[in-house]
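Just so we're on the same page: letters track the sequence lines, and every chain starts at 1.
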Amino acid sequence: MSTYEPLAIEKKWQTYWLEKKTFKTETDKEKPKYYILDMFPYPSGSGLHVGHPEGYTATDILARYKRMKGFNVLHPIGWDAFGLPAEQYAVKTGTHPRETTENNIKRFREQLQMLGFSYDWDREVNTTDPDYYKWTQWIFLKLFEKGLAYEDEAPVNWCPELGTVLANEEVIDGKSEVGGYPVIRKPMRQWMLKITEYAEELLEGLDDLEWPESTKEMQRNWIGKSIGAEIDFQIKDYDEKIRVFTTRPDTIFGATYMVLAPEHHLVKEITSKDYKDKVEEYIKEAGLKSDLERQELSKEKSGVFTGAYAINPANGKEIPIWIADYVLAHYGTGAIMAVPGQDERDWEFAEAFDLPIIRTVQPPDDFEGKAYIEDGPAINSDFLNGLHIPEAKNKITEWLEENGVGKKSVNYKLRDWLFSRQRYWGEPFPIIHVDGKPKAVPEEELPVTLPDVDRFQPTKTGEPPLANATDWVETTDPETGKKALRETNTMPQWAGSCWYYLRYISPEFDGGPVDPEEEKYWMPVDLYVGGSEHSVLHLLYARFWHKVLYDCGIVSTKEPFQKLVHQGMILGEMEYTAFRKNGKVISAEKASELEEVERVRVDESEVEKKGERFVLKGTETTIEARAHKMSKSRGNVVNPDDVVKQYGADSLRLYEMFMGPLEQVKPWSTKGVEGVNRFLNRVWRLFTGNEYEDTLLITEAEPTRDQLKVLHEAIKKVTEDIEAMRFNTGISALMIFSNEANQWDGVPRAIAEPFLKILSPYAPHIAEELWNRIGHTKSLAYEPWPAYDEEYLKSDSVIFPVQINGKVREQLNVPANKASDKDFVIGLAKQQAKVQKYLEGTTTIKEIFVPGKIVNLVVKPS
RNA sequence: GCGAGAGUGGCGGAAUUGGUAGACGCGCUAGAUUUAGGAUCUAGUAUCUUCACCGAUGUGGGGGUUCGAGUCCCCCCUCUCGUACCA
């Protein structure tokens, strides 16, 4: 067999690795550790797509590299296997989600193994395994004991079609993320987690993490800390106060009215008779509106007057109290003091309802806008006049505190986490209800397993599917023997993924979620790679649980993931699209203005570039040229199975890394896969000769100095690029090596072996096979990583560009030992005929010399 | 609107500290090999001018700093992602 046949050798080595347990991780505390984690996949029915192997190949390269560097590497994988699709499939077909899930996992596992990832398969975790979710439930009990889990009646996003409540993040434009069904608001009993208690810690913890700045920023925005003051406004003729939160207490003299959220608890009480009907109608309308409608209708401010007045504590003036849905019930105190002079929303509202506007900050003379939100001296503000915002804030806050009508206050946008779902396929809560009160199931009774049911639909009233399993629901309190009812909500998908990185550390441990000894060795995760779609939720929730576990003494680090990298999305192939309207081809610019245009796919060969635009060949008709997100409906999905079948896993791995920087969004190109496949073919022939011979081309000759230089340059570049996760340029270095080596008459063993080692993290199968063929009997997975020697990188001469006035005019070939000799190099430069031509009739003003780099002669006409 | 990131050949991209812009790969052109195709090998391939050399231009646009700018500073444009009345 002399031709490169990836399928045969890949299968062979995958079996070898699995059978020999090549990548089994033992805790060897003598060695430095490296914990490298992939975001585990949801095993969907459609199998792996080409996006998965991108991040997984990157981490696999690092894992293989670190092993060869002498690290003890933990590189596990598992399954985030609870989730809605399997349940929806069960509702449709009656197939138990467990069955669907098992099948999907089997497929995913085979696909991942087919790509040659070096996971320790003995540490596989599965969130739906009772031995796993036992500990998910156990952690929930910790939260419950600490008062961080509580029940609440909350208006939630109820989706009648899915028969379930959705979290805000699962609702997109007022429709369900899954399926696109309408969502309405409905009050329901829910479990909530007090993530807000950890808001400050979650914010502070971000500072020391090596995460993308954009991700940290998104988390900061999500937590949304703002510093300001709470101020109490006395209601006229009532023994009640309205508390507001404001970041601009300095503008209080400009507060000309107040606004309560329609849901505010005082609205009903303070509304006067004359306004009762209107207010009630407004509340009813606001309550029925879905989030989408609220947004759509929000372009115009709406609201009604309650008939009540409040007293501005700063100046004793009476100001009207309105209700309006631009004030959100769940942010701050659900009430604001409206200062139209300094707030754009309040200004709009004031204009719409003809309310007074008082400026309290002096805008610059040329200011033409409405509300002025920038800094300036205070006006119309009594004792604050003349002060700028920061000083005015301090002064008024002190005044408020002295007079007992307000205080400094910190507010967070972050809300408590709605932690229950009305679904079957999730972790049951370890909670029973005794006399109507929730009570923890004793630890020794965990796990509370999912009962088998016949039907997976919720009840008609929206009770979760588990409510149908009456035998399971009705139980007794083991402590008192009283009748008890099990909680029928289940946990959201986030629960299992909040702590899975801990279970990998000691997957068999039965004394807790993680073995404390092992945890101290392995944590934190050194590198976590996954999609940026998890920037906020998964990563914030997992950090929250980790901090709770830290406070419980279960884990030893305050943060779970030290370094985080997001792989960029892989788009479909580049597409060229022409537009047609009524049968006539029109330009892309025109098409974007018109409706109902027909899109026509155009082949690349029909296209040319004219200036900035792509046009149909020989015409002026612009067309659209862009790559789109892969989607079934567009029909541009690339299936990794097909790619492997045709080119092999090594080619797929190599191509995914060669496409461009890991973090970047980039379009797929099947031609590109062919390119790296050609490279592997060349490497194969470098060792095995052409297809007609069956001889090894490895020689036992001493390598030449030139060969050593080529090798060591590759080692240096590949090593540095793996460390910095610049895999694309690392591959380029491997290609340069093979291009050079192809010119040689046979490759000396002393060159071939290190090359196979540095190739192996990228293309492990071909590297193992060739390693084996040149006479080794053991896997190269733990061979020491070759070091490069600076000595070999030196060359005898240096090419010096000579610039005259910054333009390159000549190249000098300077002996390496003279490369830092300014006089020599400049002297040599001036001798060149071409240089002399340019120097003719000029005076040299300056001679720039950068040792080993460049010469620049600055001249002017004399 | 706001926040973050990015604009380099026909395409994906490279240039790590300011020092020869376009590495490597794709595509394309020509040639070798081959009955032919494929595969492989060799040479070429930013643009303009030119038979060619030479030369000029060139990293979204405009300005600036510098002997020298893809890289640093200011202004503007476009695209991608995130976000949505957060007081």
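- Residue A/Tyr4 places none of its side-chain N or O atoms closer than 4.0 Å to OP1 or OP2 of B/A39.
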Are A/His566 and A/Trp211 close enough, and set up right, to give a side-chain contact (heavy atoms from CB on, under 4.5 Å), and what steps lead you there? CA-CA 9 Å; A/His566 301 301; A/Trp211 286 21; over 6 Å; no

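- Atom OH of residue A/Tyr412 and atom NZ of residue A/Lys225 lie 4.5 Å apart, to the nearest 0.5 angstrom.
- Considering only side-chain N and O atoms, A/Arg220 lies nowhere under 4.0 angstrom from the phosphate OP1 or OP2 of B/U83.
- The phosphate of B/U57 (OP1 or OP2) has a side-chain N or O of A/Lys807 nearer than 4.0 angstrom.
- Dashed line: the shortest gap from a side-chain N or O of A/Gln664 to OP1 or OP2 of B/G13 is under 4.0 Å.
- Under the Watson-Crick or G-U wobble criterion, with both distances below 3.5 Å, B/A43 is paired with B/U29.
- B/G9 adopts a syn glycosidic conformation, its chi angle falling within 90° of 0.
- Distances shorter than 4.0 Å separate none of the side-chain N or O atoms of A/Asn739 from OP1 or OP2 on B/C24.
- The base of B/U20 has none of its N or O atoms less than 3.5 Å from a complementary donor or acceptor on the side chain of A/Gln803.
- Among the atoms of the strands shown, only primed sugar atoms or phosphate atoms (P, OP1, OP2) are found under 4.0 Å from some heavy atom of A/Phe614.
- Between the side chains of A/Asn411 and A/Ser226, no donor N or O sits under 3.5 Å from an acceptor N or O.
- Atoms CZ (A/Arg682) and P (B/U40) sit 8 Å apart, rounded to a whole Å.
- Salt-bridge annotation for A/Lys830 and A/Glu810: absent, with no side-chain N of the basic residue lying under 4.0 Å from a carboxylate O of the acidic one.
- Nucleotide B/C54 forms a pair with no other nucleotide shown, judged by Watson-Crick or G-U wobble geometry with both contacts under 3.5 Å.
- Position along RNA chain B of the nearest nucleotide to A/His330 versus A/Glu720 favours A/Glu720 as the more 5'-ward residue.
- Among the protein residues, A/Ser226 comes within range of the sugar-phosphate backbone only, with heavy atoms under 4.0 Å from sugar or phosphate atoms but none that close to a base.
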